Amino acid sequence: MSEVRYLKAVNQALYDAMEADDTVFVIGEDVGAAGGPFKATRGLLERFGPGRVYDAPIAEAVIAGVAVGAAMTGMRPVAEIMFMDFITLAMDQIVNQAAKARSMFGGQASLPLVIRAPHGGGLSAGPQHSQCLEAWFAHVPGLKVVCPANAADAYGLIRSAIDDPDPVIVVENKTLYAAKSELPDDPQAVPIGKATISRPGRDVTVVTYGAMVREALTAADQLTIEGVEIEVLDLRSIQPWDEAMVVSSLARTHRLVVAHEAVEAFGVGAEVVARMADIGFDELDAPIIRVGAPFAPSPFAKALEAAYRPDASDIVRAVRRTLA
Amino acid sequence: MSEVRYLKAVNQALYDAMEADDTVFVIGEDVGAAGGPFKATRGLLERFGPGRVYDAPIAEAVIAGVAVGAAMTGMRPVAEIMFMDFITLAMDQIVNQAAKARSMFGGQASLPLVIRAPHGGGLSAGPQHSQCLEAWFAHVPGLKVVCPANAADAYGLIRSAIDDPDPVIVVENKTLYAAKSELPDDPQAVPIGKATISRPGRDVTVVTYGAMVREALTAADQLTIEGVEIEVLDLRSIQPWDEAMVVSSLARTHRLVVAHEAVEAFGVGAEVVARMADIGFDELDAPIIRVGAPFAPSPFAKALEAAYRPDASDIVRAVRRTLA
Amino acid sequence: MSVVIGEMLIKSSSLQSLYRQMLLIRRAEERLQKLFADGDVPGFLHLSIGQEAVAVGISSVLGVADTVSSNHRGHGHALAKGVALSGFFAEILGRADGVCRGRGGSMHVADLSIGMLGANGIVGAGMPITTGSALALKMKGAGNIAAVYFGDGALAEGVIHECFNLTSLWALPVLFVCENNGWSEFSPTERQLATNLEKLSASFSIAFSSVDGNDVVAVADQAGKFVNEMRDMPSPRVIECQTTRIRGHFEGDPQDYRDKEEMSMMSERDPIARARSQLLAEGLSDLWFEQLHAEVDSEIDVALNLAKRSPEPTIDSLVADVYTPRLGVS
Amino acid sequence: MSVVIGEMLIKSSSLQSLYRQMLLIRRAEERLQKLFADGDVPGFLHLSIGQEAVAVGISSVLGVADTVSSNHRGHGHALAKGVALSGFFAEILGRADGVCRGRGGSMHVADLSIGMLGANGIVGAGMPITTGSALALKMKGAGNIAAVYFGDGALAEGVIHECFNLTSLWALPVLFVCENNGWSEFSPTERQLATNLEKLSASFSIAFSSVDGNDVVAVADQAGKFVNEMRDMPSPRVIECQTTRIRGHFEGDPQDYRDKEEMSMMSERDPIARARSQLLAEGLSDLWFEQLHAEVDSEIDVALNLAKRSPEPTIDSLVADVYTPRLGVS
Ligand SMILES: Cc1ncc(C[n+]2csc(CCOP(=O)(O)OP(=O)(O)O)c2C)c(N)n1
Ligand SMILES: Cc1ncc(C[n+]2csc(CCOP(=O)(O)OP(=O)(O)O)c2C)c(N)n1
Ligand SMILES: [Mg+2]
Ligand SMILES: [Mg+2]
């Protein structure tokens, strides 16, 4: 067990997957010689050569298309979209082709492809380099979506994603890349679709994922002082998501907050709430509160971005509201 | 007052808007000489000429881009994306450019552009020609999204959309095109953001939009026989949506069903439910039930598509559940 | 999987067999045309009547391990690549025994087991898929190639640029097959393009050839030449087939935008009539044609009857089958 | 709005004034470079140091009613089009008085009142926007044109194909300005492209010219020639400016992928040093340069001080300002 950066875990997962299966290859802009814009693919070119690590031109549609066509032809491509915002250029191949091929071909095909896409703000990267668009993909039947919050899950979910027979969007949070957390010496795959309890608690269930897990844990520390114990539930997978674990936590706490970095309106949180307002209704003792970004593009200026991004204090406020 | 097809109302709205303001122009594939694939633009070329009606090559990204750049340069473009599924090719221009320009330029610019996009199934058009993707756009700050359910609203919302200073996505349901409903002789603009009560009732609020309004009304007829009076609320606008009207209906009925043709999971309905599970919580006497398409691509075969598409019977079942 | 080298195949597959394949596609589509008129085919039906020589000529030089992607007008492409006739009909009729279990229909006929990666409802979308398929084939190193069919209208989509660039840059074995029928739906393509395929190919240094797409032998010859080169040394090629959309954009299209003259010249350009004249000149008898037609028609009857007897698909497997079932994974 | 005709402007704007503008951009960016190193500039900073002649040469033939769109490396484009220096600095520092109120930053500097339609964080995205702007300008019929700056790396994006096609087909007055600096981030563009701008332009029958992009007079001359033609008779043109990215892709880029030789040749290629030599040869004195430099520096000081005194923006207006406020509409 050692403390490693999230980025290192991503890198190791790619490395190990390529070692384990020579149909796995990576493709993306500057993923080869430069080791990737965030260095997630560092060392892969040196180890696996240009026949497995493809530095692509700036052409997101064909990058995604290569993943689709190669997956149909027996390979396990892992495509990188440099910032999730640029995935707007690859939507047809992901949504109309990758997601639908299995179903619309009557179950003939499995498309084992992975799209890695870093999301989120915190770098003052501005409105076109900070978006969290995972809700779009969660709405598309045929896609899976995961979003790891720590090194072990980054490793484990990427291994599972690559191993998965169907298309998986791996959303990595940019502010987490440099964060350190524990990675076992013999790290394991993490099943897609299983949440985890990051901190147990009895008073309020806080469902979250990605960089907001850290904020929820900070909120938990603050709330303890007030005598409130929140249970922090890290979804890890967004599509499918672990409805059962959320319901069972709710059955203990009877109060629910759902938090994410993405814009609140029409975000992933809305689905979690909507399910709980149906199947979890009888457990609810208070309104369900969501925490998410306000309805505006992510602003550039440091102060603006800090005010814009949801954080621990927003979660604290939301928890207090459910207890009011 | 006369009964006209929905399609005719769309056509008249475009015609009248072009008459009223010569900065309004239309662009899209086969919108000119052919009068549009669904004939929504019939007669416009003849009346306004090729300087106002642009038959574009099959190139959705630049069609959307033309709308963005022309709007920045003082025009009011109305772009048609032939099937909403093809909007996947235009996402960058809509989401990263049109939606964000005003905010990221500090409020300097207004981008008065309209994108018309027919959605929905019912034509056995298969998985790539039947999607309802409005939830994506509702999640993007800077865009407005409307979805008229009848001729008067089609006319009125398109007029408002063209008149609006900001980008509006007008979602038209393909199965409605041929449906007739009343259009006043002097049809009026319908404000964006205002819902309407399509049928008043006291027992359960059914929030819906687009083609599902008709299904909800059919469900209402059936339920009356059982002594249940549902209130059918047609959202008309999805972003912004009329939260106040939903809450006030809920305050009367204390029961809520939200229905749409789109895939249920992570759809528009999730947001409506999530808001009501917060601000409307105290009014709720029963779980909130959603009605939407199952989590699968829209299938081709008639029988499959019929089973796949949500309809009145699904609404009836959902209403009964809220009363159980 | 056996790699079938083009030239060999052309020699063995005589014009007679090419004729037979074209005829099969034609008659199959004529049946669909009638079924559509009778209200028995759901959805949109884009017939390739008049364009059969392209699919048949191209497929004559491909083996099962080569892949093809197609577009909305893909019936001929699918049948020529070897999709079973009854599964094909059943699919288009929306039946449970369709190759796609009735979930895809006319615009999504696919059979991955024989390298038919699907028709496609999105104009241009087959190109990036084929680019990826070609990369995979090149990585595998067995000399197989990937072909993609697209129309002249698809030349306007930006994705062609990305695919021309990548296949040229990485020397990927993609055979780009353009069916130039002059039409993009209801608009003449000349009003949509400020370039053409020859110029575009040249700008990416991709070898290009334009052939009479209604002459099946010309298509097969040129395709064979290209494919042989590609097998030896992977890299892309573009073949433009000048052809004729005899029917409307889709069935039900009144075609009031087409002028009499164009319509009247169509029978002359008919690829099947042409091949027939050639075969007659080579000495084949009317009787031979009669017999062949009867044979083909009965093949179609059998397949279509099978398809019609296939039940409507049921919804139950639809949701379960969106993702691949995994043993031991809940 | 007055339409400034290229040639007239070139005559009146002597090399001295072009030199001054380039110097202003250079010094402004050098200040940003230092501010970034000190941690005072948030986000990504892509400097255009070495490429100033392009922006200045192009803008010298444009008027306020002409529009420009830019890309991630857009400081020079913005300043040359006339964006106010203090609002420019304030934006990049993320302050309330920034031209975009601190919401956009370096990658989104815009001033629509002078036809600067914005830098852009999405590679290639300025092209369709400019295509639309040019259509609007053509509809208005006042002879104005729309220019778009993009890098050589952007040539790989499919959208260029759609824009070349549409502008050529509809004869839209777009001046496509490529800053060819040989690099796409950390990769040499030659490893990303199987074509070049000359071939691409030719394939769409768009007039093309390649100029030494580090020679401001050469850029201005060719741009002036093109723009004059375009004003008389709208249609697109492509101008490729061979230029030099002197700094890294962004500040903080260690540039270990660039070899010594390339780095050592840079000063020779410096457009400002070149213009200076020309001016010296024309007889200007060292004193003149000293004075000009002092003047420019003090202009920058004033603007930067103003910018630095600008407050941090506050969040309150952010949400309210996403949509246009409307009187009488709730
Ligand atoms: C991305 C996209 N845009 C538009 C359409 C609608 N559409 C279907 S076929 C077609 C014309 C295609 O013309 P071409 O590629 O020449 O093929 P042809 O029909 O002539 O065989 C269009 C515009 C589509 N299916 N996909
Ligand atoms: C759609 C998109 N893909 C990738 C990027 C990341 N990116 C930013 S700049 C750049 C290289 C651009 O090269 P070029 O166009 O030559 O401009 P230069 O930086 O050389 O001025 C890349 C890949 C982006 N911003 N947008
Ligand atoms: Mg065609
Ligand atoms: Mg460059």
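Reminder, nothing fancy here: chain letters follow the sequence lines and each chain counts from 1. Note that the structure is a prediction, hence the values are computed from the model and not measured. Values reported hereafter were calculated over all heavy atoms of this structure, with side chains retained and with hydrogens, waters and symmetry mates removed.
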Counting heavy-atom pairs closer than 4.5 Å to chain B, which one of [options] comes out on top?
| options | answer |
| --- | --- |
| A286(A), A262(A), A99(A) | A286(A) |
| V268(A), I94(A), L89(A) | V268(A) |
| G142(A), A265(A), S103(A) | A265(A) |

Does some side-chain heavy atom of [Y] sit less than 4.5 Å from a side-chain heavy atom of [X]?
| X | Y | answer |
| --- | --- | --- |
| V140(B) | W136(A) | yes |
| E271(B) | R290(A) | yes |
| P141(A) | V263(B) | yes |
| R321(B) | D278(A) | yes |

### Task
Starting from the C-alpha separation in whole Å, work towards a yes-or-no answer on side-chain contact (heavy atoms from CB on, under 4.5 Å) for F300(B) and M104(A).
CA-CA 8 Å; F300(B) 161 73; M104(A) 78 185 165; over 6 Å; no
#### Entry: Choice from R275(B), Q93(B), Q239(B) maximising heavy atom contacts with chain A below 4.5 Å
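Looking at each option in turn, the highest pair count goes to Q239(B).
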### Message
Using a 4.5 angstrom heavy-atom cutoff, name the option from G267(B), P297(B), S298(B) with the most pairs to chain A.
### Response
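Max contact count across the listed options: P297(B).
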Using non-hydrogen atoms and a 4.5 Å limit, figure out which bit of [X] sits close to chain A: side chain, backbone, both or neither.
| X | value |
| --- | --- |
| P299(B) | neither |
| L284(B) | both |
| E60(B) | neither |
| V272(B) | neither |
| I238(B) | both |

### Message
Quick one, F86(A) with D92(B), criterion side-chain contact (heavy atoms from CB on, under 4.5 Å). Give me CA distance, side-chain angles, the key distance, then yes/no.
### Response
CA-CA 7 Å; F86(A) 311 161; D92(B) 169 57; over 6 Å; no
### Message
Between Q128(B) (side chain only) and N96(A) (backbone N and O only), is there a donor and an acceptor less than 3.5 Å apart?
### Response
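Looks like yes, one N/O pair under 3.5 Å.
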### Query
Is a side-chain donor or acceptor of H139(B) paired with a backbone partner of A135(A) at a separation under 3.5 angstrom?
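Looks like no, no N/O pair under 3.5 Å.
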### Query
What are the two closest non-hydrogen atoms of T88(B) and M91(A), and how far apart are they?
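Taking every non-hydrogen atom into account, O-CB, 3.4 Å.
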### Query
If every non-hydrogen atom of A274(A) is compared with every non-hydrogen atom of A270(B), which pair is closest and at what distance?
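That closest heavy-atom pairing would be CB-CA, 3.8 Å.
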### Task
Could you grab the distance from atom CZ of F281(B) to atom CG of D285(A), nearest 0.5 Å is fine?
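With rounding to 0.5 Å, CZ (F281(B)) is 7.0 Å from CG (D285(A)).
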### Rounded distance (nearest 0.5 Å) linking atom CD1 of I279(A) with atom CD1 of I288(B)
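Reported value, rounded in 0.5 Å steps: 13.0 Å.
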